[in-house]
Amino acid sequence: MSTDNAIQLYSTLSQKKEALRTIEPGKVRMYVCGMTVYDYCHLGHARVLVAFDVITRYLRHRGYDVTYVRNITDIDDKILRRADENGEAFDALTDRMIDAMHEDERALGVLAPDDEPRATAYIGQILEMIQTLIDKGYAYAADNGDVYYAVQKFETYGKLSKKKLEDLIAGARVDVSEVKRSPADFALWKAAKSGEVSWSSPWGEGRPGWHIECSAMSTCCLGNTFDIHGGGPDLMFPHHENEIAQSEAATGKHFVNYWMHAGAVRVNKEKMSKSLGNFFTIREILDKYPAEVVRYFLVSSHYRSQVDYSEDNLAEASNTLARLYQSLRGVVPAETVGETEFDRRFAEVMSDDFNTAGANTVLHAVASEINRLRRDGDDAEAASLATVLIRLGGVLGLLQQDPEVYFQAGGKDGLSPEEIEQQIEARAQARRDRDFAGADRIRDELAEKGVILDDSREGTTWRRA
RNA sequence: GGCGCGGUGGCAGAGUGGUUAUGCAGCGGACUGCAACUCCGUGUACGCCGGUUCGAUUCCGACCCGCGCCUCCA
C-alpha cells in the first residue's frame, strides 16, 4: 500500500484498489443510487446511507470539493401497487416516505446530499435519452408501447458484474417476454395500463423503466463522465450494469471511473429480505437503540464487508461507544489543536479504502491516552486530545454530542434529571454521614430504574444504562 | 449451473512475509467505604492439505465450509 497521501479505493469494475484520480483536480463528483420510496427505509438502506456519508465526510476532510448526488425513485411498479393498496395517490405516498426517509437520515447523522433528483422531475431528460438510444440503434420500441434496450448491441455488457451475456440469456430465470427481442433486454419505457399514472411519449403513454432514470439523472447532474458511482450490493446487477450500457451508448463517453458497492446486511446470520420477513426498518431499530449506536455498529466494520444485525452486536456497539464517550466526560475540549500523530494514523487507515474499522482503533487509542492523562492530572493535554477525538469522530459522524447528553438520553425510567440529582444529593449526605447502607440503597434503587452513578473526585455523575 | 466474496482468539473486527491490532466479554491487580468509571496486567487466533521461502496467518495451488448475485430488493 502506498504511503503517500493518495486515497486508495476499491472499484468493483477493476476488482482492486485504485488510487483516486479525480477528473477535475480537488473535485469529486459522486452519484449514489438512493431509495425507491414506497416504504420506510430499512437497515440495508442505513448501511448504504452511512457508508457513503462517511466516504463523503472523509473526502471533504481531505480537502476535496465533493458534489454528492443521491436520487429518489419516486415512480415505479412497487410504488403504484402500494399506493393502490393504500388507496392513496402515488405522490401522496412518495411524499410521505420521502419525509420519513429524511427523518431517518437526520437521526443517523447522515448529511444531506448536495442534490437529490427525483425521477418524476426528469421525465423530459429520460425521454431524450431513450430517443437517443433508439436513434443510435441501441433500443427499440415494441408493439405494445414498451421500449427496450437491446443488450446485445452493447459489446461490453456484463463488464461490471462479470457476467457473460450468453449465460444470462441461457438462464431460465430471466423474464421471457414476447415483445422482447432477447430475454436479456430490459425496459427503458413501460406502457401504462389504463388508469395508471403516466406521461406521454413518442411511444405512447407510459412511465420510465427503473434503470434509465439513474442514467439520465446522473449524467444531467454530474456530466457524461464522473468520478464515483455507488450503491447497495444488489444493485451491481442488473441495475448498474444497465446504467453503464445506457449511459455509454447514449453519450459515447466513458461513464464512471470508480464503482463502489457497500456490503450486505444480515439479521441473526440470515439474509435480511422482505420474503423472509426479517427486515427491520430504521425507525424500528431506533426505537430500541440510540441512533449513534446504530451508526457506530455500522461504522465499526468495513463498508464492503457483510454485517450481521443482532441484539448482541448492537449491545456490544453500545458498550464500546460508551467507552469513547466516557473519555470525553467532564473534559472541556481545547479550542484549537493542530495535527497530531493520531490524525496522521487516522488518515493513513482511512485513505486505504475508507477503513473505518481501522479508524475506530485510532479513536480508542486517543480515548485511552485521554484517560491516562486524566489519571495523571494532565488536564491541558487531555483537553487537546479530546478535541482530536471529537474531530476524528466527526469524520465518521460520531461523538458530536455532549457526553452528558449522550449518556442521559432515553428517560424511559420516568425520572426527571432533577429527581435524579436530588437522589444523588441524598446519597452524598448519607455517605458524609457514613450511612453506607442508606447510600447503597439509593444507588440500587436508581440502578433498578436504569440510572447508573459514577463517583469521582469532582463529584457524582449519572448515566442511563 | 455461471460469476463474485469470505473463512482470524469466547464474541465483534482490522492487519501483516519475520516484531502476532483494537474493542466487548472473562480473569488478576490498583483506585473506591463498597461499587461504577478509569488505569495496569492477562489470551502466541489466523478453515484444511500441499508448495514457494531461512521463515506464511499473510504469496501460489488443491480441498472443505459459509455467504452474495444471477429475479423486485440497498
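Numbered from 1 within each chain, the chains take letters A, B, ... in sequence-line order.
Residue A/W210 places its side chain closer to B/C73 than to any other of B/G13, B/C73, B/A74. Side-chain proximity of A/R372 to B/G23, B/C40, B/A25: nearest is B/C40. Closest to the side chain of A/R266, from the set B/C69, B/C67, B/A12, is B/C67.
Checking the phosphate oxygens (OP1, OP2) of B/A14, no side-chain nitrogen or oxygen of A/N360 falls inside 4.0 Å.
Here, B/U19 and B/G1 have their C1' atoms 47 Å apart, quoted to the whole Å. Taking atom P on both B/U58 and B/U53, the two are 16 Å apart, rounded to the nearest angstrom. Spacing of P atoms, B/G15 relative to B/G66, comes out at 25 Å, to the nearest Å. With both ends at atom C1', the span from B/A74 to B/A21 equals 31 Å, rounded to whole Å. Atom P of B/C40 sits at a distance of 11 Å from the matching atom of B/U22, rounded to the whole Å. With both ends at atom C1', the span from B/G50 to B/G43 equals 30 Å, rounded to whole Å. Rounded to the nearest Å, the gap between the P atom of B/U20 and that of B/G26 is 26 Å.
Below 30°, between 30° and 60°, or above 60°: for A/H239 and A/W210 the angle between ring planes is below 30°, a parallel geometry.
As the counterpart of B/C67, B/G4 is assigned, both hydrogen-bonding distances of the Watson-Crick or G-U wobble pattern falling under 3.5 Å. Pairing for B/G41 goes to B/C27, judged as Watson-Crick or G-U wobble with the two contacts each under 3.5 Å.
One can find a donor-acceptor pair under 3.5 Å joining the base of B/A21 and the side-chain atoms of A/T361. Remark: the A/H42 side chain and the B/A74 base include a donor-acceptor N/O pair separated by less than 3.5 Å. For a distance-only test at 3.5 Å, the side chain of A/E316 qualifies as a donor-acceptor partner of the base of B/G23.
At a threshold of 4.0 Å, the pair A/R443-A/D440 counts as salt-bridged, since one of the basic side-chain nitrogens sits closer than that to a carboxylate oxygen.
Taking every heavy atom of both residues into account, A/L314 and A/V293 meet most closely at O-CG1, 3.7 Å.
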Under 3.5 Å, which protein N or O atoms sit close to an N or O of nucleotides 2-7 of chain B? Give each pair with its distance.
unit_1, atom_1, unit_2, atom_2, d
B/G2, O2', A/D167, OD2, 3.0
B/G2, N2, A/K163, NZ, 3.0
B/C3, O2', A/K162, O, 3.2
B/G4, O3', A/Q15, NE2, 3.2

Can you pull every protein N or O that's under 3.5 Å from an N or O on nucleotides 30-35 of chain B?
unit_1, atom_1, unit_2, atom_2, d
B/G33, O6, A/R431, NE, 3.1
B/G33, N1, A/D440, OD1, 2.9
B/G33, N2, A/D440, OD1, 3.4
B/G33, N2, A/D440, OD2, 2.5
B/C34, O2, A/R443, NH2, 2.5
B/C34, N3, A/R443, NH1, 2.9
B/C34, N3, A/R443, NH2, 3.3
B/A35, N6, A/D455, OD2, 3.0
B/A35, N1, A/D455, OD2, 3.0
B/A35, N3, A/R443, NH1, 2.7

Could you walk me through whether A/S351 and A/R62 pass the side-chain hydrogen bond (donor to acceptor under 3.5 Å, both in side chains) test, one step at a time? CA-CA 9 Å; A/S351 296; A/R62 288 292 301 269; 2.7 Å; yes

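The six-membered or imidazole ring of A/H42 lies away from that of A/F280, with a centre-to-centre distance of 6.0 Å or more.
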